[in-house]
Amino acid sequence: QVQLVESGGGLVQAGGSLRLSCAASGRTFSSYAMGWFRQAPGKEREFVAAINWSSGRTYYADSVKGRFTISGDNAKNTMYLQMNSLKPEDTAVYYCAAGYVRSTRASDYDYWGQGTQVTVSS
């Protein structure tokens, strides 16, 4: 089992940047498929990015491709989401997730953090 804690959210103006962190405790996070999701008010939770630790390959939603970068630090057991060129439509609660199958579907992930709020003002 793994416990996940997100941090780094906040309020930023459009065009700005934030870096989210997801600290994992318990099993080494490289044992899992991990990703980032977000949920805006009144909307379903949606896939943002995922990473394959063994290959280093990354996957992104079309809406964030070219602006967001997912990465990880095995020594710190921490995953990151660098978000640049933020837009008001990026406003949401961002969650990190861990599972046994890399997927873009939230239902395929077994462990979730508590979420961190990102608000982008216009």
Side-chain angles (χ1 to χ4, degrees):
Q1 192 165 350
V2 63
Q3 292 78 43
L4 306 172
V5 179
E6 303 96 335
S7 61
L11 173 63
V12 64
Q13 288 189 332
S17 298
L18 284 173
R19 188 177 79 157
L20 306 184
S21 299
C22 174
S25 59
R27 290 184 63 181
T28 302
F29 75 169
S30 59
S31 301
Y32 298 90
M34 293 191 69
W36 288 96
F37 288 77
R38 65 187 182 186
Q39 189 166 19
K43 295 188 177 181
E44 292 188 354
R45 193 166 296 190
E46 66 174 0
F47 171 76
V48 175
I51 185 166
N52 181 315
W53 299 116
S54 59
S55 68
R57 187 173 177 181
T58 55
Y59 307 84
Y60 297 96
D62 288 343
S63 59
V64 306
K65 202 171 293 184
R67 300 187 297 122
F68 291 11
T69 303
I70 186 172
S71 64
D73 185 332
N74 285 330
K76 296 182 178 179
N77 226 25
T78 300
M79 180 175 67
Y80 303 100
L81 184 68
Q82 178 66 44
M83 305 186 295
N84 298 329
S85 302
L86 282 161
K87 304 175 181 180
E89 51 263 44
D90 294 318
T91 296
V93 177
Y94 283 70
Y95 299 89
C96 67
Y100 301 100
V101 178
R102 184 189 56 77
S103 172
T104 61
R105 297 184 303 184
S107 59
D108 286 334
Y109 288 81
D110 300 279
Y111 306 102
W112 293 85
Q114 83 288 351
T116 186
Q117 176 71 47
V118 171
T119 303
V120 184
S121 62
S122 57

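- The shortest heavy-atom contact between A14 and S122 is CB-CA, 4.4 Å.
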Let me have the donor-acceptor pairs involving side chains of residues 17-26, under 3.5 Å, with sequence neighbours excluded, atom names and distances please.
from	atom 1	to	atom 2	distance (Å)
S17	OG	N84	OD1	2.9
S25	OG	Q3	OE1	3.3

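- With rounding to the nearest 0.5 Å, the separation of CD1 in I51 from CZ in R57 is 12.0 Å.
- Q39 is linked by a side-chain hydrogen bond (donor to acceptor under 3.5 Å, both in side chains) to R45, counting only residues two or more places apart in sequence or in another chain.
- With sequence neighbours excluded, the residues forming a side chain to side chain contact (heavy atoms under 4.5 Å, CB included) with S121 are L11, Q13, listed by chain and number.
- Scored by the salt bridge (Lys or Arg N to Asp or Glu O under 4.0 Å) test, K76 finds no partners at all (sequence neighbours excluded).
- Each disulfide (SG to SG under 2.5 Å) pair with one or both residues in residues 29-88, not counting sequence neighbours, would appear here, but there are none.
- Partners of S103 by side-chain hydrogen bond (donor to acceptor under 3.5 Å, both in side chains), not counting sequence neighbours, listed by chain and number: D108.
- In this structure, M79 is not a member of the same hydrophobic cluster as Y59, with clusters built from ILVMFWY side-chain heavy atoms closer than 4.5 Å.
- T116 contributes a side-chain N or O that, together with a main-chain N or O of G9, makes up a donor-acceptor pair within less than 3.5 Å.
- Residues passing the ring-ring contact (aromatic ring centres under 6.0 Å, His included) test with Y60: none are found, sequence neighbours excluded.
- Among residues at least two apart or in separate chains, there is no disulfide (SG to SG under 2.5 Å) pair with a member in residues 24-81.
- Note: the hydrophobic cluster containing V64 also contains L86 (ILVMFWY, side chain heavy atoms under 4.5 Å, direct or indirect links).
- Take N52 and apply the side-chain hydrogen bond (donor to acceptor under 3.5 Å, both in side chains) test, not counting sequence neighbours, and it matches S54, S55.
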N/O donor-acceptor pairs under 3.5 Å from side chains in residues 93-102, not counting sequence neighbours:
from	atom 1	to	atom 2	distance (Å)
Y94	OH	R38	NH1	2.9
Y94	OH	D90	O	2.6
Y100	OH	Y111	OH	3.2

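- We find the CH2-CZ distance between W36 and F68 to be 11.0 Å, quoted to the nearest 0.5 Å.
- From I70, atom CD1 reaches atom CE of M83 across 12.0 Å, with rounding to the nearest 0.5 Å.
- With ring centers used as reference points, Y109 lies 6.0 Å or more from Y32.
- When the side-chain hydrogen bond (donor to acceptor under 3.5 Å, both in side chains) test is applied to T104, no partner is found at least two apart in sequence or on another chain.
- A heavy-atom distance below 4.5 Å is found between the side chains of L81 and V48.
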